[in-house]
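Note on naming: letters A, B, ... go to the chains in the order of the sequence lines (proteins, then strands), and numbering restarts at 1 for each one.
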Number of protein chains: 2
Amino acid sequence: MPLGQRAGDKSDSRYCGVEVLDFPAGDGLPAVLTHSLSSAFDFLLAPLVDPDYRPTPGAVLPVAASDLVLSPSQWSSHIVGKISEWIDLDSEDEQLRLDSELTLKQEIAWATHLSLQACVIPPPKRSTCANYARVVNNILQGLTNMQLWLRIPLEKSESMEEDRDKSETVDSWEWWNSFRLLCEHSSQLYVALDILSSLPSMNSLGRWFGEPVRAAILQTDAFLTNARGYPCLSKRHQTLLTGFFNHSVQVIISGRSNHNVSQVSEGVLSRDENHTEDTPTQHALSPYLDYMAYLYQRMDPLPEQERFEINYRDFLQSPLQPLMDNLEAQTYETFEKDTVKYTQYQRAIAKALVDKVSDDEVSTARTVLMVVGAGRGPLVRASLQAAEETGRTLKVYAVEKNPNAVITLHSLIKLEGWESMVTIISSDMRCWDAPEKADILVSELLGSFGDNELSPECLDGAQRFLKPDGISIPSSYTSFIQPVTASKLHNDIKAHKDIAHFETAYVVKLHRVARLAPPQEVFSFAHPNFSPKATNQRYTKLQFELPQDTGSCLVHGFAGYFDAVLYKDVHLGIEPNTCTPNMFSWFPIFFPLRKPIYVPSESPIEVHFWRCCGATKVWYEWALVAPSPSPIHNSNGRSYWVGL
Amino acid sequence: MPLGQRAGDKSDSRYCGVEVLDFPAGDGLPAVLTHSLSSAFDFLLAPLVDPDYRPTPGAVLPVAASDLVLSPSQWSSHIVGKISEWIDLDSEDEQLRLDSELTLKQEIAWATHLSLQACVIPPPKRSTCANYARVVNNILQGLTNMQLWLRIPLEKSESMEEDRDKSETVDSWEWWNSFRLLCEHSSQLYVALDILSSLPSMNSLGRWFGEPVRAAILQTDAFLTNARGYPCLSKRHQTLLTGFFNHSVQVIISGRSNHNVSQVSEGVLSRDENHTEDTPTQHALSPYLDYMAYLYQRMDPLPEQERFEINYRDFLQSPLQPLMDNLEAQTYETFEKDTVKYTQYQRAIAKALVDKVSDDEVSTARTVLMVVGAGRGPLVRASLQAAEETGRTLKVYAVEKNPNAVITLHSLIKLEGWESMVTIISSDMRCWDAPEKADILVSELLGSFGDNELSPECLDGAQRFLKPDGISIPSSYTSFIQPVTASKLHNDIKAHKDIAHFETAYVVKLHRVARLAPPQEVFSFAHPNFSPKATNQRYTKLQFELPQDTGSCLVHGFAGYFDAVLYKDVHLGIEPNTCTPNMFSWFPIFFPLRKPIYVPSESPIEVHFWRCCGATKVWYEWALVAPSPSPIHNSNGRSYWVGL
């Protein structure tokens, strides 16, 4: 049964499994399964084949249980196959290598026959594991549904190579990285992390959140004992497990019980007070499961915004083309619900109104405010509310190019009785001939990367009808990027099998990513800009230094954000360090790399970004320069551009 | 006019150009061209636009000469455009960057209008040249015929970065490498190397023979002065230039004359004694040209074999499938002409016959020899000649699966009157039921990589009818590989735009390649092999160390060879260090890498090769492990295999 109910969270991390250490000979597997399920575990990680087996011609594979002892749905829901651990494909002993290859293929074939969802394959036994990777890669080519989870100890451990200096530590992430590079980032290859009693640094751990980790195999040895004799985890382990729960990673308890507490008398942490009646012999690892349930249930419920966005997690969307295309009603509907955003606009407009018209002039002065890109009117409403709040008199022009939105706008004005204050202009702001000049120009043309929906070009066109001392809201905006590990996004893009999708930026609710260094500024724009030499082309070089204790990592691309100054101290943005809370209009943007780049420990990442402007389109180009040069992405905007 | 005539060599390296240093203002270009051509230069490297020009709105580009002053064929045959050298696309000065971008695009557009074959673009001015590469990459996407030659000084020079330690040296190959990676290995981007007075080490220079070098711009400052006052080059420069001549690289003389020798009185080195009458004022750089002609003409003529193979240089061929397909008459015809090969076979058979039958037994003993894969009979002939030479009596079975070849074989036997000695068997050696057992089994089933045409599988099948003490000729064979830079081959494979062509081995006459480390052994097979555990699967890990003074390099793949022991000390092979001279049956094999790999200076290259055997096919898989892992190539033989 699930570890607990957490509103909105339907991820696999609710389920907890248990590793079967001893080979269940005969038909022992159903009994083990029944016992574990009745002790509230959800599934078994169980050996499929007698570990004493070595291939011999004509021999029948000594499996743990015939396919008939469990129903097909039991096999697929409750059993993760554990491939024999003696397998050593990189041994110097050729016979052992050949036996290992044959056995691995036989066991996987058997697991496929059972329709298992996944098999855990043993950790590489040495730092060079090319032959292991080759055989697994061969197998992966033939799998349709089943996943392989490569078991990797979560540690920086001592080297296993005999000829190396014993004091040298090996970063187990490097094994995983070599293995998956050799297997060409197969989308069916995942990681099962063995959690031991000692943990690497948080920065080192953080890399795994961008990797395809499916399971955390928690060793009983990793537990401490609390004052009452029960198992518990260190603070760092707790933080790590909470991270896994939040990233859809399932826990599997493994090892021998080190805490022989009586379950019957001490039921405090037990979730089901009756279960002892059904199962007279409690599962030896139940105290650990109970602690997992406690950790799971202790987590804060998902915030409403996260719940709303949960189905968008790591789902790649093409950015809007609001200039070329007209938005649909549903899109307006969604964005208009973002009250936080319009509250910020109202605050900014109010401050601008007060600056434009002093309290003494309130009765005589009238401020001309133009909303460019008025849509169905939310900024018109925010402007009028700001005027009311500050007691200023407004004349509003609402300029909108989408004729469908203009229809709604007319109804709104009539419904609200704003006819005397608001003039609706059905026109593209870039070619409208305004009858008078504006004091304040209000727009909401920003994309996830700030300028990526062509706010600069639109406002350059609109500032013709702004007074020389006029105010633009927003008055400036800046884009940001940071390097990320994002294997899920990489694989989704790779599935298109072309270069164009790797040269496109995506709007995406980032979830399974590792953010490797703090975001840095890319491009800035300020409005109005009356300089005759002003250009909207930009070129920025950035260098990212990863925290020293991160270790090496793989960069799949860059996460992008923006921050906008609406007016003076009123800002709006999604840059993680300064983001406006509870705003949902923008997900981050993601710029992929055609080939993920390996960044050795302590090597800086240098990336160059260009914003390029042509006669009919605007586009970005980007390239890595260090640690090694990538091709220039999206040359001439061949794959991705925003139409003018 | 060409530097000279060299039998069989029709490459561009016969032509020598001259760089025009001063901008030919007005309509000076035709006069400069006439003067240079009459002084026996073949073409000019000439500026196209006034170097004082900076873009201004509405300005007309101040070109060196209107397109009308030369005919279209003169423009395209005799002028290589020189792009303005002030262009600096990576300056910190934004205005200079923007001016540079505009001017570069204008000059290239003008050169395209003139139908020039190539333009030389100036060397990067600093070690980071990402913006320069971006603009060139943009231009390359739009070019159809014209080539761009990036000028690179051939040196390990002092760093140009002001903030670096002045004593640090920069390897100019690194600039080229970054530039072409950013430009995605564009097939229209080439190198023009500036040859200065000092040269890097030979290993460092050697890398360039695998790069797309189109021109060597030889500075007059690089010349020495001989005892008679004439320009000459150091031995190392001479070796380098001979290398360029042999690799189709054209020379361009550049600089001011440092040798003011009278051409009229001292005509010893002059190629055309009459030219002084036609051109009263000799070109100031003629003495340098004369020296180039002298160097060119001094080279040994191309050996006959090279001349025969010249049209195959760097041309990728798919390996034969002699087991699945039947060879055609023309293929037999070509291979049968390789007399060196059959002489080696005859020597080996003779030695085996003498070992089998002592001189005392000559009159009584008859040796049973089977030629498996007899084709049209060359090995039958070699066997009978060996028997005659040693006075041994032979009974020959000629086994051949190709019914077409069998027809020719019958005619041959009849024509030569060998009916009593030779029995023809029209059958696949793997299923023939032999009436008696053989003393000697002779075959020629080797491919460029030894076992790649399935000699091991064929001979395993044939050894059923070999006596326990019988001899196989060949008795063993070994494959070899070495890492190479081969940008031409990479680009030819890339043109197919799929992965399969990057996972295929090719037979190719390697020419424009840099061999980066000595070849090492890969797989060995010995025959006969009666061991019950014998397998033809193989797995080999190799580590290559590049000479320390090479510097960094790019590896596009591995060149493969074989060496075979026919019998005792008689061998046959194409491994460069031990190859049999004047044999033309085999070109090397080339195993590409899907993505060329950058190998930092002094980093070892580790590659793994597998020979895999399935029920119906045999294939190789290969992967780089160091300096960084590649994907496993050709997993499951999905792209390239040899059918059984």
Geometric donor-acceptor pairs, no angle filter, chain A-chain B, under 3.5 Å:
from   : atom 1 : to     : atom 2 : distance (Å)
A:E92  : OE2    : B:K541 : NZ     : 3.4
A:Q95  : OE1    : B:K533 : NZ     : 3.0
A:N131 : OD1    : B:W610 : NE1    : 2.5
A:N137 : ND2    : B:S635 : OG     : 3.3
A:N138 : O      : B:N636 : ND2    : 3.1
A:N138 : OD1    : B:S635 : OG     : 2.8
A:N138 : OD1    : B:N636 : N      : 3.3
A:Q141 : OE1    : B:R638 : NH1    : 3.1
A:L182 : O      : B:I632 : N      : 2.8
A:E184 : OE1    : B:R594 : NH1    : 3.2
A:E184 : OE1    : B:R638 : NH2    : 3.2
A:E184 : OE2    : B:R594 : NH1    : 3.0
A:E184 : OE2    : B:R594 : NH2    : 2.9
A:K533 : NZ     : B:Q95  : OE1    : 3.2
A:K541 : NZ     : B:E92  : OE2    : 3.4
A:R594 : NH1    : B:E184 : OE1    : 3.2
A:R594 : NH1    : B:E184 : OE2    : 3.1
A:R594 : NH2    : B:E184 : OE2    : 2.9
A:W610 : NE1    : B:N131 : OD1    : 2.6
A:I632 : N      : B:L182 : O      : 2.8
A:S635 : OG     : B:N137 : ND2    : 3.3
A:S635 : OG     : B:N138 : OD1    : 2.8
A:N636 : N      : B:N138 : OD1    : 3.3
A:N636 : ND2    : B:N138 : O      : 3.1
A:R638 : NH1    : B:Q141 : OE1    : 3.1
A:R638 : NH2    : B:E184 : OE1    : 3.2

- Cut-off 4.5 Å, heavy atoms of chain A, and the answer for B:L140 is neither

- Find the distance between CG (B:L181) and CD1 (A:I632) and round it off to the nearest 0.5 Å. 10.5 Å

